[in-house]
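Here is the structure we will look at, set down as structure tokens.
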Amino acid sequence: MATSSNVEAERKFDVDPSTPLPTLEKIDGVARVGEPATHSLEAVYFDTNDLALAARGITLRRRTGGPDAGWHLKLPHSPGRRTEIHAPLGQADTVPVELMDRVLAYTRGHTVVAVATLNTERTTYPLYQDDGERVAEFVDDQVRARVSLGNPSEQQWREWEVELNGSRLADDAEHILDAAEARLTDAGASPSERTSKLATALGDSWPRAKGTGREIPSRKGPAVVPVLNYLDAQVAKLLLQDAHVRMNRDDAVHQMRSLTRRIRSVLHSYRKLFKGSPVQELELELKSLAKTLGRYRDVEVLHERLRKDVEELPMKLVLGPVHAELDERMKVRTDTAMAAIRTRLNSPRYFRLLDGLEAFLDSPAIAPQGTGPARKTTAKLVNKAAKRLAKRHDAAVGAAVGPSRDSAFHDVRKTAKKLRFAAATAESVHGKRAAKLADAAHDVQAILGEHQDSAMARAELLKLGSASGAGNSAFTYGLLHAAERAKADAAQQEYLRSGKKARKLRLKK
């Protein structure tokens with residue numbers, strides 16, 4: 001089933017039923033108003049019984065009537081904007097698989113049911129600028145809503161809406177919405193506090209938005225606030241990335257694993273701010289999820305690296321069916337790893353993890369240290385991570401050349417990653433200094449990431465070259481192994497030249 005998507009930028013306004021239409025030509029940037037078009041629309045909205053989609057600012061509906069009849073899924077994009085995804089009408093009570101895949105991280109195996117039906121008499125006025133381009137639409141809606149969730153109810157209202165043309169979503173086009181808002185409020189309308197028609201229909205039943213309502217971080221405020229704010233943002237990104245993995249988007253597994261590791265790392269670095277075992281339990285589950293995602297990602301990176309290594313060799317030195325062997329070997333692994341990911345993402349265990357993360361963020365058990373001053377407390381924990389990086393560095397430099405030294409530098413990389421995330425979490429109270437420390441740690445992570453990728457490549461090349469039946473290809477694998485050793489040595493030297501900054505920087509208390 002074909003789907004399409006676009007980003008919408010709009011503003012909604014509450015208005016009395018008797019309010020006359022304003023003179024739309026007087027909106028700054030509008031030269032002409034086109035002929036109005038009227039349509040009768042019916043939209044059935046779907047959600048779980050506990051409104052899991054609504055709590056994340058997501059709406060899922062099936063609309064009949066008008067030029068855009070079909071299934072519509074609206075996902076948060078950025079302040080004032082949402083991504084709208086369309087699918088054909090299909091069956092009335094069966095949500096298209098392409099849309100359900102995008103919301104499984106929110107519904108988590110719970111049934112999606114019709115929660116409200118809205119009938120709208122819509123009149124649309126296209127708005128044009130001087131050169132004849134349509135820049136926006138003004139919409140006058142008369143709405144009648146029937147809510148079927150909980151205690152059935154009905155209500156009616158009128159609202160206005162101004163939506164930018166999809167080709168006019170650049171930031172400099174926001175002035176059109178600002179001008180429209182000024183004109184409409186002068187005419188008696190007021191900016192709507194609701195984000196959607198469904199929110200208006202549900203009224204007091206509308207759930208509190210997830211990840212909102214936190215305090216603004218401050219230097220002397222509770223240390224736990226910047227940590228929870230940061231985790232809110234990362235969990236929201238994780239839920240969005242879930243859909244990209246299910247849809248086989250490029251780099252999606254890598255992004256999801258990175259977010260999983262980031263959340264786990266922050267929980268670990270700041271675990272002293274919280275009471276009890278929830279943090280440790282979440283860490284273990286996140287580690288397990290990252291491992292499942294990592295099997296696919298590691299093979300993906302390894303395959304790309306080895307193919308590039310082969311391409312860098314002169315053709316006369318590539319003996320035997322090296323390319324075919326690599327492709328066949330890696331395909332089996334990637335297929336197996338992706339099957340494991342899909343099984344994991346549809347498992348009750350995974351959904352319990354997401355429930356656990358949200359429950360922890362909604363009601364964290366805060367330890368006394370979590371109520372301490374944010375600047376001082378976070379500085380102490382970040383600086384502790386920086387000292388740990390220095391110790392890992394000393395251990396790596398002192399390790400014997402060979403596998404033990406490779407392992408020690410991998411430990412440096414992992415410690416740098418934890419320092420990076422700990423510092424990034426503290427940016428809201430430490431500003432540029434924390435950002436500099438996070439950037440320095442990221443540089444170490446990137447350099448030693450090259451080193452670790454080389455170690456993995458050498459281990460694979462050794463297996464390939466020493467396998468029975470390797471034949472002439474063993475010569476090529478040997479050359480590649482030597483080349484990777486040289487790359488690892490170069491990465492070590494680059495780290496020794498440039499990694500000092502991350503080990504020396506500290507946050508001020």
Residues 88-113 vs ring-ring contact (aromatic ring centres under 6.0 Å, His included), sequence neighbours excluded, gives none
Nearest heavy-atom approach of Val429 to Pro226 is CG1-CG, 4.4 Å
Between [X] and [Y], does at least one N-O distance fall below 4.0 Å, as a salt bridge requires?
X	Y	value
Arg333	Glu460	yes
Glu193	Lys12	no
Arg352	Asp355	no
Arg63	Glu42	no
Asp298	Arg257	yes
Glu285	Arg264	no
Glu358	Arg108	yes
Arg420	Asp439	no
Lys197	Asp141	yes
Arg392	Asp411	no

Keeping the roles fixed (side chain from [X], backbone from [Y]), state whether a donor-acceptor pair exists under 3.5 Å.
X	Y	result
His254	Asp250	no
Ser277	Gln280	no
Ser153	Val147	no
Gln155	Thr200	yes

Residues passing the side chain to side chain donor-acceptor pair (under 3.5 Å) test with Lys331, sequence neighbours excluded, are Asp335
(message) Using a 6.0 Å cut-off, check whether atom NZ of Lys487 has over 12 heavy atoms from anything other than its own residue.
(response) yes
message = Is it the case that atom CZ in Arg219 sees more than 12 heavy atoms from other parts of the structure closer than 6.0 Å?
response = no
With sequence neighbours left out, the residues meeting salt bridge (Lys or Arg N to Asp or Glu O under 4.0 Å) with Arg305 are Glu450, Glu484
